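All values derive from a computational prediction rather than experimental measurement.
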Amino acid sequence: MIRGGANYSCVQVETELREFCVTFLKWPVDDFDLAVVGHKLGSEHEDACCVLLELGPSMEKEPKVYAQELMHEAPGKVTKGAKPDHIAFGEVPRNFKGATVRPDVRAYFE
């Protein structure tokens, strides 16, 4: 993912956002999943940080409340590359080894 002229690994950004959600937002560590892709939505030169959230049964608030928390609280507390621009909800696609299937995540934002 290219942001501000720097390259960021989607795995690195996922890890940072997951830690932020658990540490600062107090989300239950085992009851949500997220995947990140960089996508050229607003600029042909820089990727938007697109986050796909999968919420488990103990996540009882409306999904948009979780999105608002993440969008509002993350800036200033995460690195520039990890600041989310767009959030969608759905099942995080994984292959048989548990790795994120990035093209399928990107499809949520097209």
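- Sorted by first and then second residue, the pairs that involve residues 3-13 and meet side chain to side chain donor-acceptor pair (under 3.5 Å), not counting sequence neighbours, are R3-D85.
- Counting only residues at least two apart or in different chains, salt bridge (charged side-chain N to carboxylate O under 4.0 Å, His left out) contacts with residues 69-81 comprise K61-E69, E73-K77.
- Here the closest heavy-atom approach between residue M1 and residue A48 is recorded as SD-O, 4.0 Å.
- Under the rule for a ring-ring contact (aromatic ring centres under 6.0 Å, His included), F109 has no partner lying at least two apart in sequence or in another chain.
- Using a distance-only test at 3.5 Å, with no hydrogens or angles considered, no donor-acceptor pair links the side chain of E54 to the main chain of D33.
- With sequence neighbours left out, D31 forms a side chain to side chain donor-acceptor pair (under 3.5 Å) with S58.
- In this structure, the separation between CG on D47 and NZ on K40 is 4.0 Å, given to the nearest 0.5 Å.
- A pairwise comparison of heavy atoms in A88 and Y108 identifies CB-CB, 4.4 Å as the closest pair.
- Between V13 and A82, the shortest heavy-atom distance links the atoms CG1-CA, 3.7 Å.
- Partners of N95 under the side-chain contact (heavy atoms from CB on, under 4.5 Å) rule, at least two apart in sequence or in another chain, are K97, A99, V101.
- M71 and V22 fall within a single hydrophobic cluster, where Ile, Leu, Val, Met, Phe, Trp and Tyr are joined by side-chain heavy atoms under 4.5 Å apart, directly or via other members.
- Between atom CZ of residue F89 and atom CD of residue E62 there is a gap of 10.0 Å, rounded to the nearest 0.5 Å.
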Between V29 and R18, is a side chain to side chain contact (heavy atoms under 4.5 Å, CB included) present by the stated rule, with each step listed?
-> CA-CA 8 Å; V29 68; R18 187 179 322 279; 5.7 Å; no
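- Contacts classified as salt bridge (charged side-chain N to carboxylate O under 4.0 Å, His left out) and involving residues 101-110 (residues at least two apart or in different chains) are given here: E14-R102.
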Let me see the working for R94 and T100 under side chain to side chain contact (heavy atoms under 4.5 Å, CB included), right down to the final yes or no. CA-CA 5 Å; R94 303 236 179 240; T100 304; 2.7 Å; yes
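- By the side chain to side chain donor-acceptor pair (under 3.5 Å) test, T79 is found to be paired with E16, residues two or more places apart in sequence or in another chain being considered.
- With contacts defined as side-chain heavy-atom distances shorter than 4.5 Å, the pair L52/P93 qualifies.
- Judged as a ring-ring contact (aromatic ring centres under 6.0 Å, His included), and not counting sequence neighbours, the contacts of Y66 are W27.
- Following chains of ILVMFWY side-chain contacts shorter than 4.5 Å, one can reach F24 starting from L55, so the two form part of one hydrophobic cluster.
- Through ILVMFWY side-chain contacts below 4.5 Å, I2 is grouped with nothing and stands alone.
- Between atom NZ of residue K26 and atom SG of residue C21 there is a gap of 12.0 Å, rounded to the nearest 0.5 Å.
- Side chains of C50 and V105 form no contact here, defined as non-hydrogen atoms less than 4.5 Å apart.
- By the criterion of side-chain heavy atoms lying less than 4.5 angstrom apart, applied directly or through intervening Ile, Leu, Val, Met, Phe, Trp or Tyr residues, L53 is grouped together with L25 in one hydrophobic cluster.
- In terms of the side-chain contact (heavy atoms from CB on, under 4.5 Å) criterion, residue partners of A74 (sequence neighbours excluded) are, by chain and number, F20, L70, V78, P84.
- Criterion: ILVMFWY side-chain heavy atoms under 4.5 Å apart, direct or through other members. Under it, I87 and V92 are not part of a common hydrophobic cluster.
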